[in-house]
Protein chains: 2
Amino acid sequence: MTTPLEKARQDPESMKARILDVARRIFGEYGFHGTTTRMIAQEVGIDISTLHYHWGGKKDLYESVVVDINKDLRQKLSEVEKVIHGLPLSERLAISIDLTTDYLFDHPEVSNLILYRYFGKTRCEGNFDAIVPEFTADIARSMGLARDKKNVPPETTMKVLAVMNSIHNFISGESFFRPMLKVDRERYIALVKETLKFIHIPAFTQNEAT
Amino acid sequence: MTTPLEKARQDPESMKARILDVARRIFGEYGFHGTTTRMIAQEVGIDISTLHYHWGGKKDLYESVVVDINKDLRQKLSEVEKVIHGLPLSERLAISIDLTTDYLFDHPEVSNLILYRYFGKTRCEGNFDAIVPEFTADIARSMGLARDKKNVPPETTMKVLAVMNSIHNFISGESFFRPMLKVDRERYIALVKETLKFIHIPAFTQNEAT
DNA sequence: TTAGACTTCCATCAAATGATTGAATCACCG
DNA sequence: CGGTGATTCAATCATTTGATGGAAGTCTAA
């Protein structure tokens, strides 16, 4: 059985997929309450009723967007893990930061939506957040902080969260921070990578026997 | 001349001040679009028209909230700076993290609103963000990363932003992260401080001659 | 060609929401 | 007292917004 989301992804040109792509971006920029179905429909160039026909309602669409975002990020992280496998920790960190940062700058709605879900409330319920802990467990193992994915101690989860969040912050905050720094986009990306390495590599390599 | 905000702060029991306090919390939790004037009025226990009488409109109130938040944080940071003045860098960092974290856990709406402004868009304009750069310049000086408040290089601003944001993340994300970690509030606060020190102290002391 | 499904849009609804008006109430001062 | 200004609220308005129904269009298979 294929979920509606999988079905939408099979043909990227399908109306369903087009709506999903636009919805990712708009929801990411304005959050759940800041986004109207009319904004999304207009951006796609369709009527709102077409949107409702394909996705049911605003909340359903939003939930699909969140699931889609998480699926993408998870896949990207697993790609990154294959690249860094076997390298020394400091290199693993540096390469992970480079690759993840590049990916997220290309898909800022991923960071936007994740931060929105972390820090904002939605006045409606919705419970599909069990995906996040798995993320952190994967990353923890890949950083050599945990042997298996079960029983990762809170201290370790916190460290992983700190790393992930610091990346999302700079991606998502570009529109705020870059004017403040008065640098162009290319320079900003370089600064982000540099800063993330400056902050994180010493922390995780301080007790390492080279 | 006193601004409306200052006037409201003179008598903390005044209706104006009570509305402002509630508005801080609600705007912090749900963001600008997720908050309705009715939510705020109901929480205060008044009619919406009373709210409009004192603050004009939703946007005016929101802007006052943001200014108020920034004023509070700035004052707190200047208090912290006095405490840590003259100490060695690693201690300055540790104490700053402890004090700032304690303060923000007591006033989470500060972190909430700051993150909302960094990462979200508002569909309405609004331009009173010149306060942030000054913040970072103050912190940069206090961390020994800059001599004066003028001409702080982007690299330094980025480092300061990384530190500040990582704190805000854990404060604001408590409702998301703590259930995930399955720890009580006290333990969470301890974990936050521990993690922040683990991440940041090595980065900033790595090249220090003790 | 046609029957039937799938898709899209126009018109419209009901609820939510920001905002205003005018009347009532309160506080203070002569 | 009485009056004057400040404050509060009930009632109401106009717009926005999520959602729906039904007509029209499109495509495929028989």
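Lettering follows sequence order; numbering is per chain, from 1. Because the structure is a prediction, the values reported are computed rather than measured. Heavy atoms only: backbone and side chains are in, while hydrogens, waters and symmetry mates are out.
- Legend: side chain to side chain donor-acceptor pair (under 3.5 Å) pairs involving residues 91-101 of chain B, not counting sequence neighbours, sorted by first then second residue: B:D98-B:K197.
- Residue A:H52 contributes atom NE2, which lies 14 Å from atom C1' of C:dT12 at whole-angstrom precision.
- You'll find the ring centres of B:F204 and A:F198 inside the 6.0 Å limit.
- B:D60 meets the salt bridge (Lys or Arg N to Asp or Glu O under 4.0 Å) test with no other residue; sequence neighbours excluded.
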What N/O pairs connect the protein and nucleotides 25-27 of chain C at under 3.5 Å? Give each pair on its own line.
none

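- Residues A:F177 and B:Y118 bring their aromatic ring centres within 6.0 Å.
- Close approach of DNA chain D to chain B, defined as any atom under 4.0 Å from a non-hydrogen atom of the protein, starts and stops at D:dA6 to D:dT17.
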Pairs under 3.5 Å (N/O, protein and nucleotides 7-11 of chain C):
| unit_1 | atom_1 | unit_2 | atom_2 | d |
| --- | --- | --- | --- | --- |
| C:dT7 | OP2 | A:Y53 | OH | 2.7 |
| C:dT8 | OP2 | A:H54 | NE2 | 2.5 |
| C:dC9 | OP2 | A:D47 | N | 3.1 |
| C:dC9 | OP2 | A:T50 | OG1 | 2.9 |
| C:dC10 | N4 | A:S49 | OG | 2.8 |

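- The one candidate from B:V83, B:L104, B:L77 that meets the side-chain contact (heavy atoms from CB on, under 4.5 Å) condition with B:L99 is B:V83.
- Contacts between residues 26-39 of chain B and DNA chain D, defined by a heavy-atom separation below 4.0 Å, involve no residue at all.
- Within the structure, the salt bridge (charged side-chain N to carboxylate O under 4.0 Å, His left out) test picks out the following pairs touching residues 160-176 of chain A (sequence neighbours left out): A:E174-A:R178, A:E174-A:R185.
- For A:D102, the side-chain hydrogen bond (donor to acceptor under 3.5 Å, both in side chains) partners at least two apart in sequence or on another chain are A:K193.
- With sequence neighbours excluded, no residue satisfies salt bridge (Lys or Arg N to Asp or Glu O under 4.0 Å) with A:E194.
- By the ring pair (Phe, Tyr, Trp, His ring centres under 6.0 Å) test, A:H54 is found to be paired with no residue, residues two or more places apart in sequence or in another chain being considered.
- By the salt bridge (Lys or Arg N to Asp or Glu O under 4.0 Å) test, B:E155 pairs with A:R187, sequence neighbours left out.
- For residues 38-53 of chain A, the pairs satisfying salt bridge (charged side-chain N to carboxylate O under 4.0 Å, His left out) are A:R25-A:E43, with sequence neighbours left out.
- For B:H52 and B:T37, the side-chain atoms include no donor-acceptor pair closer than 3.5 Å.
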